[in-house]
**Q** 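Structure provided below as structure tokens; questions to follow.
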Amino acid sequence: MTKEELVALARQAAQNAYAPYSGFRVGAALLGASGKVYLGCNVENAAFTPSICAERTAFSRAVSDGERAFQAIAIVGGKEGVLQDFCPPCGVCRQVMAEFCPGTFAIHLGREDGKISSFTLEELLPQRFGGENLR
């Protein structure tokens, strides 16, 4: 699957976001090692803390289905669904990625104009803390 196809799926996922408080809709498309794609969107909550990001929603869906290895993720987001700029993953989402993915894991950020900016997990989360630190 190309990064363009993955970004297009993330855009579709963002349409399902539940963001009545911030109006900031985020979608993620996570490509498993199996080739299956797991979609996620942000789900806000009036108490804020129970809110969940699109990326973690996608990982939760994948892990619930038994997937444990991943190739890439595409992320899009913007106010009222307008993807004016790149939407990088928050620190918590980066840490969740580090739980399941190597430093070479690809993270593709898409914008409204079709531009895509790609990073590795190592670039976005250097010196990360992972399971190997606990062994």
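Treat the numbers as computed from the prediction; the structure is a model and nothing was measured.
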**Q** Going from CD1 on Ile116 to CG on Leu109, what distance comes out if it is rounded to the nearest 0.5 angstrom?
**A**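 Reported to 0.5 Å precision, the distance equals 9.5 Å.
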
**Q** Can you tell me how far apart CZ (Phe119) and NE2 (His108) are? Round to the nearest 0.5 Å.
**A** 11.0 Å

**Q** So, using side chain to side chain contact (heavy atoms under 4.5 Å, CB included) as the criterion, who are the partners of Lys36 when residues are at least two apart?
**A** Ser34, Tyr38, Asp65, Glu67

**Q** Residues two or more places apart in sequence or in another chain: which of them pass side-chain hydrogen bond (donor to acceptor under 3.5 Å, both in side chains) with Asn133?
**A**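 For Asn133 there are no side-chain hydrogen bond (donor to acceptor under 3.5 Å, both in side chains) partners, ignoring immediate neighbours.
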
**Q** List the residues meeting ring-ring contact (aromatic ring centres under 6.0 Å, His included) with Phe70, not counting sequence neighbours, and say none if there are none.
**A** Phe59

**Q** Going by atom type alone, with no hydrogens or angles, which donor-acceptor pairs under 3.5 Å involve a side-chain atom of residues 87-96 and a protein atom two or more places apart or on another chain?
**A**
from	atom 1	to	atom 2	distance (Å)
Arg94	NE	Pro89	O	2.7
Arg94	NH1	Leu124	O	2.8
Arg94	NH2	Pro89	O	3.0
Gln95	NE2	Phe129	O	2.7

**Q** Do Phe48 and Tyr21 pass the side chain to side chain contact (heavy atoms under 4.5 Å, CB included) test, and can you show the C-alpha distance, the side-chain angles, and the key distance before you say yes or no?
**A** CA-CA 9 Å; Phe48 292 109; Tyr21 307 106; 4.2 Å; yes

**Q** Under 3.5 Å, which donor-acceptor pairs do the side chains of residues 3-19 form with other protein atoms, sequence neighbours left out?
**A**
from	atom 1	to	atom 2	distance (Å)
Glu5	OE1	Thr2	N	2.9
Glu5	OE1	Thr2	OG1	3.3
Arg11	NH2	Glu112	OE2	3.2

**Q** Evaluate side chain to side chain contact (heavy atoms under 4.5 Å, CB included) for Met1 paired with Val37, printing each intermediate quantity in order.
**A** CA-CA 9 Å; Met1 172 166 287; Val37 177; 3.7 Å; yes

**Q** Sorted by first residue and then second, give each side chain to side chain donor-acceptor pair (under 3.5 Å) pair with at least one member in residues 42-52; sequence neighbours left out.
**A** Ser22-Glu44

**Q** Is there a path of hydrophobic side-chain contacts, each under 4.5 Å between heavy atoms, that joins Leu31 and Val76?
**A** no

**Q** Between Thr57 (side chain) and Cys41 (backbone), is there a donor-acceptor pair under 3.5 Å?
**A**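 Checking the backbone N and O of Cys41 against the side chain of Thr57, a donor-acceptor pair under 3.5 Å is found.
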
**Q** Return each pair, listed once, that meets salt bridge (charged side-chain N to carboxylate O under 4.0 Å, His left out) where at least one residue sits in residues 18-29; pairs must be two or more places apart or across chains.
**A** none

**Q** Treat each ILVMFWY residue as a node, draw an edge where side-chain heavy atoms are under 4.5 Å apart, and state whether Val63 and Val43 are in one component.
**A**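 No, because Val63 and Val43 fall into different hydrophobic clusters, even though each may have its own neighbours under 4.5 Å.
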
**Q** Is Ile75 linked to Leu83 within one hydrophobic cluster, defined over Ile, Leu, Val, Met, Phe, Trp and Tyr using a side-chain heavy-atom separation of less than 4.5 Å?
**A**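 Ile75 and Leu83: separate clusters.
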
**Q** Do Leu39 and Ile52 share a hydrophobic cluster (ILVMFWY, side-chain heavy atoms under 4.5 Å, transitive)?
**A** no

**Q** Once salt bridge (charged side-chain N to carboxylate O under 4.0 Å, His left out) is applied, what residue pairs with a partner in residues 70-79 remain, sequence neighbours excluded?
**A**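 For residues 70-79, and leaving out neighbouring residues, there are no salt bridge (charged side-chain N to carboxylate O under 4.0 Å, His left out) pairs at all.
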
**Q** Heavy atoms only: give me the nearest Ile73-Ala28 pair and the separation to one decimal.
**A** CD1-CB, 4.1 Å

**Q** Show me the pairs that pass ring pair (Phe, Tyr, Trp, His ring centres under 6.0 Å) and involve residues 71-95, at least two apart or across chains.
**A**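 Sorted pair list comes back empty.
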
**Q** Among residues two or more places apart or on two chains, list those pairs meeting salt bridge (charged side-chain N to carboxylate O under 4.0 Å, His left out) that have a residue in residues 115-131.
**A** Glu122-Arg128

